[in-house]
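Worth knowing before you read on, the calculation uses all heavy atoms, side chains too, and leaves out hydrogens, waters and symmetry mates. Each ligand, and each atom within it, is numbered from 1 in the order the structure gives.
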Amino acid sequence: MPSKRRIRWAVLPIGVATAAVLAGCTPTELHGFLPGFTEDGQAATNHTDMVAGLWVNSWIVLLIVGVITWGLMGWAAIAYRRRKGQTGLPVQLRYNMPIEIFYTIVPLILVVGFFAFTARDQTILETQYDDPDVEITAIGKQWAWDFQYDGATDDETVWSMGVQAQTDARGDIINELPTLYLPVDKTVKIKLTSRDVIHSFWIIDFLYKKDMYIGKDNFWSFTPTREGTYAGKCAELCGDYHSMMLFNVKVVSDAEYEDYLDSLRDAGQTGDINDAYDRLQNLPGTGGSANENVEEVDH
Ligand SMILES: [Cu+2]
């Protein structure tokens, strides 16, 4: 049989088997048991399907490679085992060019493939909205979060400032966690920044996280697509109470979102908090001050 046709015969059953297995899968299984999907497969943001796809497809490819490799190893170990009466070393084979070329080219294709799909998806994830419906500044601090809704109500900026999680003797959280409100199906752009050390803004069900620095802002653009409450946490070890640096995300209807912003304004939580309360007042490495209100001190 010509080798091309032989390859085709090998690929066909793998494809058929994969399709058959996937056809019988629940949405949870199709999404690789990742968080962020309901049982009927509804995604939390416009990006989670893509992220889950990258994860699951990578696993499928890697498992196919794994099964073939383990199978060949097992076959070689059994077929070429030492038989009764055999002595000395078996025939020593070296420099089988076709095989050497095969196991150089195939991993190369795999690595290039994984890189290409990752780069493609990352480019989509990192593309920022130019004109989002909602602009928010999320500020990490040891060990909680502040959320600033830029120009939210009548062009007035409103904010909420959180405190770190408090626990009782049993370890249950007893205080209200910082909560970020987002309107469903609206384009959201979050500016990520820090007051002190490096934190990482992670909304688990959104399948993405991003570092927060002082002196360099990061951005994250996405559209939340399902109402609900989602857990968030800091994903960058940032000091003693890093594990208490928790928050919630509430994706709500437009009306609820507006009501919430109004409640912040009614509470007098208006204006810009970007760096007014920064604990760290020196921008590292620049000799400059992060806050213009602070007088320069002679050293
Ligand atoms: Cu942190």
Side-chain angles (χ1 to χ4, degrees), residues 34-36 44-45 47-48 51 55 122 125-126 128 134-150 157-182 188-222 224 228-251 260 264 269 271-286 288-291 294:
L34 288 172
T45 79
H47 289 150
T48 42
V51 175
W55 172 255
Q122 185 177 299
L125 286 166
E126 287 299 315
Q128 307 300 330
V134 172
E135 281 184 82
I136 289 165
T137 303
I139 307 167
K141 59 184 183 185
Q142 288 174 323
W143 289 277
W145 313 81
D146 299 335
F147 301 115
Q148 175 180 307
Y149 303 82
D150 297 307
T157 293
V158 295
W159 49 257
S160 72
M161 290 197 210
V163 294
Q164 73 193 54
Q166 319 278 316
T167 53
D168 61 15
R170 285 179 45 209
D172 293 326
I173 294 164
I174 48 170
N175 67 324
E176 197 164 329
L177 294 177
T179 302
L180 170 67
Y181 278 71
L182 298 174
V188 175
K189 184 176 182 179
I190 304 182
K191 180 167 109 176
L192 302 166
T193 182
S194 167
R195 290 199 192 295
D196 34 49
V197 299
I198 301 175
H199 302 280
S200 182
F201 185 78
W202 183 23
I203 304 169
I204 295 142
D205 282 7
F206 291 9
L207 303 183
Y208 207 54
K209 63 183 177 206
K210 232 169 159 179
D211 275 8
M212 305 170 119
Y213 305 106
I214 190 163
K216 165 146 185 10
D217 296 332
N218 260 341
F219 292 89
W220 179 9
S221 290
F222 61 95
T229 303
Y230 304 90
K233 53 176 79 176
C234 180
E236 187 77 74
L237 184 58
C238 58
D240 290 356
Y241 295 98
H242 163 66
S243 64
M244 298 286 102
M245 196 166 161
L246 307 173
F247 65 104
N248 283 322
V249 178
K250 277 197 161 94
V251 177
Y260 175 71
L264 293 181
Q269 292 167 220
D272 197 82
I273 54 165
N274 266 321
D275 53 17
Y277 296 92
D278 285 6
R279 180 165 66 75
L280 184 64
Q281 294 293 357
N282 292 317
L283 281 177
T286 65
S289 170
N291 187 336
V294 175

To the nearest 0.5 Å, atom CH2 of Trp143 lies from atom OG of Ser243 at 10.5 Å
Original post:
Thinking salt bridges, do Lys191 and Asp150 make one under a 4.0 Å N-O criterion?
Top reply: no
If I take every N, O or S atom of Met212, is at least one of them less than 2.8 Å from the Cu ion (ligand 1)?
no
**Study point:** Asp172 and Arg170 ion-paired at < 4.0 Å
**Key:** yes
_So for atom CD, which belongs to Glu176, do other residues, nucleotides or ligands contribute more than 12 heavy atoms lying within a distance under 6.0 Å?_
no
For the Cu ion (ligand 1), the nearest N/O/S atom on His199 is atom ND1
Rounded to 10°, the SD/Met245 to the Cu ion (ligand 1) to SG/Cys238 angle comes out at 100°
